[in-house]
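Here's the structure, in structure tokens; my notes come after.
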2 protein chains.
Amino acid sequence: MPRSTRRRPALAHPATEEIDLFDVLHALSDPTRMTIVRTLRAEPERACGTFPVDVAPSTLSHHFKVLRESGLIRQREEANRRLTALRTVDLEQRFPGLLDTVLAAHAQAPAVAEDGQGL
Amino acid sequence: MPRSTRRRPALAHPATEEIDLFDVLHALSDPTRMTIVRTLRAEPERACGTFPVDVAPSTLSHHFKVLRESGLIRQREEANRRLTALRTVDLEQRFPGLLDTVLAAHAQAPAVAEDGQGL
DNA sequence: TGCGATGTTCGACAATCATCGAAACTGCGT
DNA sequence: ACGCAGTTTCGATGATTGTCGAACATCGCA
């Protein structure tokens with residue numbers, strides 16, 4: 001039996017109208033995920049391994065899943081790597097100004113002693 | 001000996017410059033706490049028991065603690081009750097536009113089936 | 001002085017979370 | 001055909017979370 005019969009699970013993303021605010025806020029309330037989002041703001045599309053975060057690959061994969069299911073990022077398969085992009089247009093349509101405001105807030109002076117993995 | 005010697009723990013709030021974005025985002029990512037914040041937007045100051053949320057008093061107390069320590073609300077003692085207010089000015093100074101934008105986002109059409117305790 | 005109203009603190013508990021290492025899968029290059 | 005590079009899935013683990021009930025504290029009032 002060809003083992004290629006097992007297709008990849010197809011990468012589910014929520015539709016724009018289905019993006020949930022609580023999911024988005026929760027996704028952004030983690031420093032590692034915030035770093036990912038901020039990185040994606042500069043670069044339009046990046047491979048998973050190229051983010052300036054210091055966690056194990058499996059942990060990174062978990063964070064991508066949280067971000068993807070919250071509607072913040074979109075991922076597509078290309079060859080044997082997965083490219084990630086911010087859903088800026090969808091986010092702007094669903095929650096106007098939210099992403100910009102939150103990212104601007106994060107760019108503010110860090111509260112006291114920010115974690116070391118700043119972009 | 002007067003038993004009033006034991007003072008109440010004094011209600012610690014973070015200073016405006018110490019408000020942490022991740023704490024704020026986490027605090028807002030819970031529906032019960034979002035309801036509290038939204039309620040506070042209309043009424044400037046409210047007693048704890050007067051919020052339209054359906055949880056046990058101890059649970060409510062927990063949520064107030066999270067909101068207070070994140071810097072979103074300020075609480076002061078008055079007689080035997082505790083009055084709660086949104087720190088709108090401090091929030092606006094620390095993270096301009098954030099509170100308005102998030103609350104506006106929550107006022108958007110609910111994602112799919114919002115929880116029943118809408119304001 | 002004691003009671004009731006208002007809230008908090010203190011465990012306890014189940015659920016979720018961030019993290020890791022090991023194993024597996026996919027596609028490209030040798 | 002083989003192996004490597006890039007990622008995910010699968011447990012496992014320790015920490016955090018939201019929730020509750022019971023007990024306690026404080027204040028005003030009868």
Side-chain angles (χ1 to χ4, degrees), chain A residues 1-13 20 22-37 45-51 53-70 73-85 115 117, chain B residues 1-13 20 22-36 45-51 53-70 73-85 115-117:
Chain A
M1 185 211 308
R3 71 265 294 112
S4 306
T5 301
R6 273 183 99 273
R7 290 339 257 120
R8 219 90 62 89
L11 243 26
H13 300 80
D20 182 80
F22 294 120
D23 291 345
V24 170
L25 294 177
H26 171 246
L28 290 174
S29 72
D30 177 272
T32 299
R33 290 192 291 260
M34 178 65 86
T35 300
I36 292 173
V37 170
E45 204 173 37
R46 270 182 108 102
C48 288
T50 71
F51 288 85
V53 296
D54 192 26
V55 292
S58 53
T59 304
L60 193 53
S61 197
H62 159 71
H63 286 308
F64 280 124
K65 186 180 178 188
V66 173
L67 286 168
R68 177 164 25 91
E69 293 180 346
S70 79
I73 65 173
R74 169 162 285 134
Q75 290 186 305
R76 65 186 185 89
E77 315 258 4
E78 202 215 54
N80 66 358
R81 65 188 197 278
R82 190 167 285 189
L83 295 182
T84 304
D115 70 305
Q117 56 189 6
Chain B
M1 188 215 305
R3 72 262 296 112
S4 308
T5 299
R6 267 183 105 273
R7 292 336 258 120
R8 219 90 62 91
L11 244 25
H13 299 80
D20 182 80
F22 295 119
D23 290 345
V24 170
L25 293 177
H26 171 247
L28 290 175
S29 72
D30 178 273
T32 300
R33 290 192 291 258
M34 178 65 87
T35 300
I36 292 173
E45 205 173 35
R46 270 182 107 101
C48 288
T50 70
F51 288 84
V53 296
D54 193 25
V55 292
S58 54
T59 303
L60 193 54
S61 197
H62 160 71
H63 285 308
F64 279 125
K65 186 181 178 187
V66 173
L67 286 168
R68 179 163 24 96
E69 293 182 345
S70 79
I73 65 173
R74 168 161 285 133
Q75 290 186 305
R76 65 185 184 92
E77 315 259 4
E78 203 214 55
N80 66 356
R81 65 189 196 279
R82 190 169 284 193
L83 295 183
T84 303
D115 70 307
Q117 55 189 9

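The structure displayed is predicted, hence computed values, not measured ones. A, B, ... follow the sequence lines: proteins, then strands. Residue 1 opens every chain.
A straight line from CD of A:Glu69 to C1' of C:dT16 spans 14 Å, rounded to a whole angstrom. The separation between A:Glu78 atom CD and D:dT7 atom C1' is 14 Å, rounded to whole Å. The CZ atom of A:Arg68 sits 12 Å away from the C1' atom of D:dT9 (whole-angstrom rounding). Straight-line distance from the CG atom of A:Asn80 to the P atom of C:dC25: 16 Å, rounded to whole Å. Between the C1' atom of C:dC17 and the NE2 atom of A:His26 lies a distance of 7 Å, rounded to the nearest Å. Between B:Phe22 atom CZ and C:dC17 atom P there is a gap of 17 Å when expressed in whole angstrom units. The distance between atom CG of B:Leu60 and atom C1' of D:dT19, rounded to the nearest whole Å, is 12 Å. Across the protein-nucleic acid pair, B:Asp30 atom CG and C:dA15 atom P stand 17 Å apart, rounded to whole Å.
Relative to the side chain of B:Cys48, the nucleotides C:dG7, C:dA18, C:dT19 differ in distance, and C:dG7 lies closest. Each of C:dA18, D:dC20, C:dG21 was ranked by its minimum atom distance to the side chain of A:His62; first place goes to C:dA18. Closest to the side chain of A:Thr59, from the set D:dT8, C:dT19, D:dG28, is C:dT19. Which of C:dA18, C:dT8, D:dT7 sits closest to the side chain of A:Arg33 comes down to C:dA18. For B:Ala56, taking side-chain heavy atoms from C-beta onward, the closest of the listed nucleotides C:dA18, D:dG6, D:dG21 is D:dG21.
Nearest heavy atoms, A:Val24 versus A:Ser70: CG2-O, 3.7 Å.
Of the possible donor and acceptor atoms, none in the side chain of A:Arg33 sits under 3.5 Å from a partner among the backbone N and O of A:His63.
The salt bridge (Lys or Arg N to Asp or Glu O under 4.0 Å) search around B:Glu45 returns B:Arg76, not counting sequence neighbours.
Between the CG atom of B:Leu11 and the CZ atom of B:Phe64 there is a distance of 11.5 Å, given to the nearest 0.5 Å.
When the nearest nucleotides of DNA chain D are assigned to B:Val66 and B:Ser58 by heavy-atom distance, the more 5′-ward of the two goes with B:Val66.
Contact between the side-chain N/O atoms of A:Arg82 and the OP1/OP2 oxygens of C:dT26 is not found at any separation under 4.0 Å.
At a cut-off of 3.5 Å, with distance as the only test, no side-chain donor of A:Arg74 or A:His13 sits close to an acceptor on the other residue.
A:His63 comes within 4.0 angstrom of sugar-phosphate atoms only, judged by non-hydrogen atoms across all strands, and of no base.
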